[in-house]
Amino acid sequence: MSYKVGLILSMIFISMFFLFGADLISIQSVYSSLDSKANNISYLISRSGVIDEEFINYVESYYYVDFDCPLNLTPTFGEEIIYSISTKYRPMIIDKQEMTIVISRMTVVGFYG
């Protein structure tokens, strides 16, 4: 009888361990997705250079991220622009609240070769 109780308890711990691993894999997937979106956004910024409300709204609606960057209405060639994009992730077992995953990147205006 006691081995059955031990088996049941161990199955609970094993299932929690697998859910934890699934959370880690999902977080890595969200981070990789943000990284690829950041590459595309860097290309857009380096081509246009101008970061205004219209550009921010476009990025947020097209890529489904929160875009954080100071407005830059008069860019110069070679200027470095630092920005952050973030998204929310609701984990299964790591935390009960939503997690915010943020990536900060830097791009150079006029350098998109």
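Quick caveat: nothing in here was measured; it's all calculated off a predicted structure.
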By side chain to side chain contact (heavy atoms under 4.5 Å, CB included) - contacts of Ile25 (at least two apart):
none
Could you walk me through whether Val59 and Lys37 pass the side-chain contact (heavy atoms from CB on, under 4.5 Å) check?
CA-CA 10 Å; Val59 167; Lys37 290 176 183 180; over 6 Å; no
Do you see a donor-acceptor pair shorter than 3.5 Å between the side chains of Ser42 and Tyr83?
yes
Between Ile82 and Pro70 the two heavy atoms that sit nearest each other are O-CD, 4.1 Å
side-chain hydrogen bond (donor to acceptor under 3.5 Å, both in side chains) with Ser48: which residues, sequence neighbours excluded?
none
Would you please say whether a donor-acceptor pair under 3.5 Å links the side chains of Ser86 and Thr100?
no
May I ask you to test the Phe67-Asn57 pair for a side-chain heavy-atom distance under 4.5 Å?
no
For Asp52, give me all partners under salt bridge (Lys or Arg N to Asp or Glu O under 4.0 Å), at least two apart in sequence or on another chain.
none
Does Tyr63 have any side-chain hydrogen bond (donor to acceptor under 3.5 Å, both in side chains) partners at least two apart in sequence or in another chain, and if so, which?
none
Hydrophobic cluster identity match, Ile45 and Leu71, side-chain contacts under 4.5 Å:
yes
According to the salt bridge (charged side-chain N to carboxylate O under 4.0 Å, His left out) rule, which pairs have a member within residues 61-86, sequence neighbours left out?
none
Once side chain to side chain contact (heavy atoms under 4.5 Å, CB included) is applied, do any residues pair with Glu98, and if so which ones, sequence neighbours excluded?
Lys88, Arg90
Could you pull out all residues at least two apart from Gln97 that satisfy side-chain hydrogen bond (donor to acceptor under 3.5 Å, both in side chains)?
none
Atom pair CD1/CD1 of Ile101 and Ile27 - distance to nearest 0.5 Å:
5.5 Å
CA sep, side-chain torsions, deciding dist, call: Leu44, Phe55, side-chain contact (heavy atoms from CB on, under 4.5 Å):
CA-CA 9 Å; Leu44 291 175; Phe55 180 80; 4.0 Å; yes
Please identify each residue that fulfils side chain to side chain contact (heavy atoms under 4.5 Å, CB included) with Thr87, with sequence neighbours left out.
Val30, Leu34
Taking Ser29's backbone N and O only, do any of them form a donor-acceptor pair with Ser33's side chain (distance below 3.5 Å, no angle check)?
no
I want to check something: taking the side chain as every heavy atom from C-beta on, are Cys69 and Ile56 in contact at a cut-off of under 4.5 Å?
no
Going by atom type alone, with no hydrogens or angles, which donor-acceptor pairs under 3.5 Å involve a side-chain atom of residues 7-23 and a protein atom two or more places apart or on another chain?
unit_1 : atom_1 : unit_2 : atom_2 : d
Ser10  : OG     : Gly6   : O      : 3.2
Ser10  : OG     : Leu7   : O      : 2.8
Ser15  : OG     : Met11  : O      : 3.2
Ser15  : OG     : Ile12  : O      : 2.8
Asp23  : OD1    : Tyr89  : OH     : 3.0
Asp23  : OD1    : Met92  : N      : 2.9
Asp23  : OD2    : Met92  : N      : 3.1
Asp23  : OD2    : Ile93  : N      : 2.8
Asp23  : OD2    : Ile94  : N      : 3.1

Approximate separation, where rounding is to 0.5 Å, of Ile103 CD1 and Asn39 CG:
9.0 Å
What's the shortest heavy-atom distance between Ser46 and Thr107, and which atoms?
CB-OG1, 3.8 Å
Quick one: list whatever passes side-chain hydrogen bond (donor to acceptor under 3.5 Å, both in side chains) with Asp35, sequence neighbours left out.
Arg105
Ignoring hydrogens, what is the shortest heavy-atom contact between Val102 and Ser84? Give both atom names and the distance.
CG1-CB, 4.1 Å
Under the rule for ring-ring contact (aromatic ring centres under 6.0 Å, His included), what residues qualify as partners of Tyr62, not counting sequence neighbours?
Tyr58
